[in-house]
**Student:** 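I have a structure I would like to understand better, so I am pasting it below and will then ask my questions one at a time.
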Amino acid sequence: MSEQTGAAELTRRGIFDLQVCVPSDWKDDQVVDFAETQFPSGTEDGWQIRREGNHDLRGDPERVQCSKHSTRVHIMLDA
């Protein structure tokens with residue numbers, strides 16, 4: 001699955017999580033705003049970035065370099 005919106009895109013979506021591919025220079029609030037605007041979570045707290053050390057990242061960093069775009073990173077968010 002891949003849905004593009006300008007310089008950012010959705011790469012994976014579950015019921016309570018999603019992965020986005022965004023420009024590496026985006027701040028956290030830009031990432032959350034993109035996710036919430038394009039793919040509303042429907043929860044009171046909205047989307048939250050899955051932070052470094054979260055067991056669901058399985059040791060991966062919070063921001064993972066995109067293999068297709070050298071200027072983008074992949075970020076997981078949870079609702």
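Nothing here was measured: the structure is a model prediction, and the numbers come from that model.
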**Student:** Between Val32 and Leu10, is there a shared hydrophobic cluster once you connect ILVMFWY residues whose side-chain heavy atoms come closer than 4.5 Å?
**Tutor:**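 The answer is yes; both residues are in one hydrophobic cluster.
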**Student:** Using 0.5 Å steps for rounding, measure from the CD atom of Gln65 to the SG atom of Cys21.
**Tutor:**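 Spacing of CD (Gln65) from SG (Cys21) equals 9.0 Å.
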**Student:** In Å and rounded to the nearest 0.5 Å, what is the CZ to CD distance from Phe16 to Gln48?
**Tutor:** 14.0 Å
**Student:** Nearest 0.5 angstrom please: Cys66 SG to Ile75 CD1, how far?
**Tutor:**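 Cys66 SG to Ile75 CD1: 11.5 Å, rounded to 0.5 Å.
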**Student:** Taking atom CE of Met76 and atom OG1 of Thr11, what is their separation to the nearest 0.5 Å?
**Tutor:** 8.0 Å
**Student:** To the nearest 0.5 Å, what is the distance between CD (Gln19) and CZ (Arg50)?
**Tutor:** 9.0 Å
**Student:** Which distance, rounded to the nearest 0.5 Å, do you find between the CH2 of Trp47 and the CG of Leu18?
**Tutor:** 4.0 Å
**Student:** Check whether any side-chain heavy atom of Arg63 lies under 4.5 Å from a side-chain heavy atom of Asp28, and answer yes or no.
**Tutor:**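 Yes, their side chains come closer than 4.5 Å.
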**Student:** Is any side-chain heavy atom of Val22 less than 4.5 Å from a side-chain heavy atom of Gln30?
**Tutor:** no
**Student:** Quick one: closest heavy-atom pair of Glu36 and Gly46, and the distance?
**Tutor:**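 Answer, listing the atom of Glu36 first, then Gly46: OE1-CA, 3.3 Å.
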**Student:** Can Phe34 be reached from Val64 by stepping across I, L, V, M, F, W or Y side chains whose heavy atoms are under 4.5 Å apart?
**Tutor:**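 Hydrophobic grouping puts Val64 apart from Phe34.
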**Student:** Would Asp17 and Arg12 satisfy side chain to side chain contact (heavy atoms under 4.5 Å, CB included), going step by step from the backbone distance to the final call?
**Tutor:** CA-CA 8 Å; Asp17 65 5; Arg12 195 184 98 201; 3.2 Å; yes
